[in-house]
Amino acid sequence: MGERCFPRQVRSPLEPLLKKLSKEFIDDMDLSRRIKLIFEFMDHDSSKDLSAEEFCAAIKGLNFRPRIHVAPSDFDILTRNGELCNPEGKLGVAGFEVAMRDQLRIFTQGQLCNTEQQSRDEVERTFQTAFKWLILDSESLRGELRAVRHTLHAAPIPGTGLPARKRTSSSPASHPGDLSDVPAKPARG
């Protein structure tokens, strides 16, 4: 059963940034590029990681009106209570991307729940962002499925100890739904 949708009560302090990102990214690579640029802008000392203090100070330096203010507790939430941080408690670029993608998903889900409170243009942008996420997720799942198929083809034949073999036209389909071995139907005359 699907998740119930409740209007958002609590807004993220990062909402102006999330709103801008959600409107502007085009695809997965573009989103990664934009997140990396934000990280690089925030990493004033070029250390390749952000402490909670550096993150809080750098967020204030982003060009948003009103200014974005975050507290160390917001950094804890963003980093999944430090799970995304390195052993020194700092957030690297990879962890920052995961955190920002998490926040973007939460933001988009909240926007979908609040469409009755939005103007027509805002509703259209919300649905456009939701569709972008669906496309990103389907591309990600497609890549994971390819990796699983590759692993299965490379695995030894169960119970024989023999190495994997190439599938032939007489072999069972390489995966459910694979129609590569099914001859084409003759054209109707």
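The residues of the chain are indexed from 1 along the displayed sequence. Side chains included, hydrogens not; waters and symmetry mates left out as well; all remaining heavy atoms used. From a predicted model like this one, the values you see are computed outputs, not experimental measurements.
Considering only heavy atoms from C-beta on, L78 stays 4.5 Å or farther from V70 through its side chain. At least one side-chain heavy atom of R34 sits under 4.5 Å from a side-chain heavy atom of D30. Under the 4.5 Å side-chain criterion, counting only non-hydrogen atoms from C-beta, I35 is in contact with R101. Two residues are said to be in side-chain contact when any heavy atoms from C-beta on lie closer than 4.5 Å; Q103 and L17 fail this criterion. Side-chain atoms of F41 and L62, non-hydrogen and from C-beta on, do get closer than 4.5 Å to each other. Contact check for L104 versus I106: no side-chain heavy atoms found under the 4.5 Å cut-off. Side-chain contact between I38 and F96: present, with at least one pair of heavy atoms (C-beta onward) separated by less than 4.5 Å. Within the 4.5 Å cutoff, the side chain of F55 has heavy atoms near those of the I59 side chain.
Each side chain to side chain donor-acceptor pair (under 3.5 Å) pair with one or both residues in residues 63-79, not counting sequence neighbours, would appear here, but there are none.
The line from OG1 of T108 to NZ of K19 is 12.0 Å long, rounded to the nearest 0.5 Å. E54 CD to S47 OG: the interatomic distance, rounded to the nearest 0.5 Å, is 5.0 Å. The distance from atom CD of E40 to atom NZ of K48, rounded to the nearest 0.5 Å, is 6.5 Å.
Listed here is the closest heavy atom pair of L18 and S12: CD1-OG, 4.0 Å. Smallest separation of non-hydrogen atoms from C56 and P72: SG-N, 3.8 Å. Contact detail for A52 and F75: the closest heavy-atom pair is CB-CD2, 3.4 Å. Contact record, K36 with V93: CG-CG2, 4.2 Å, taken as the closest heavy-atom pair. In terms of heavy atoms, M42 sits closest to L50 at O-CD2, 3.6 Å. Of all heavy-atom pairs between F107 and E15, the closest is CE1-CG, 3.4 Å.
No continuous path of hydrophobic side-chain contacts links L91 to I77 [ILVMFWY only; heavy atoms under 4.5 Å].
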Test L37 against R33 for side-chain contact (heavy atoms from CB on, under 4.5 Å), laying out the working first.
CA-CA 6 Å; L37 287 172; R33 183 185 62 79; 3.3 Å; yes

When you look at K20 and F64, which way does the side-chain contact (heavy atoms from CB on, under 4.5 Å) test go after all the steps?
CA-CA 10 Å; K20 183 172 177 58; F64 287 99; 3.9 Å; yes

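No side-chain donor-acceptor contact under 3.5 Å links D28 and S32.
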